Amino acid sequence: MFWFILIVLIVGSVAAWKFRVPLLAKLTGQPQHRIQRAIDKRKEGR
């Protein structure tokens, strides 16, 4: 049972990372393009 929970957590984390822009847009109520621009800006700053 532990392995099943661990696999579900890992798959959920990967899915959340892959769909982070739409998820953040829904949670914050911001448009997706604004969130994508903020993520891109953080990448350029590094």
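It should be emphasised that the depicted structure is a prediction, and the values quoted were computed from it without experimental measurement.
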Original post:
What are the two closest non-hydrogen atoms of Ile35 and Leu24, and how far apart are they?
Top reply: CD1-C, 3.4 Å
Original post:
From Leu23 CG over to Gln32 CD, what is the distance, rounded to the nearest 0.5 angstrom?
Top reply: 9.5 Å
Original post:
Which heavy atom of Pro31 sits nearest a heavy atom of Ala25, and at what distance?
Top reply: C-CB, 4.5 Å
Original post:
Which ILVMFWY residues can you reach from Val8 by hopping between side chains whose heavy atoms are under 4.5 Å apart?
Top reply: Phe4
**OP:** Let me know which of Lys43, Gln36, Arg42 forms a side-chain hydrogen bond (donor to acceptor under 3.5 Å, both in side chains) with Asp40.
**Re:** Gln36
Original post:
Checking Arg37 side chain against Arg34 main chain: does a donor-acceptor pair fall under 3.5 Å?
Top reply: no
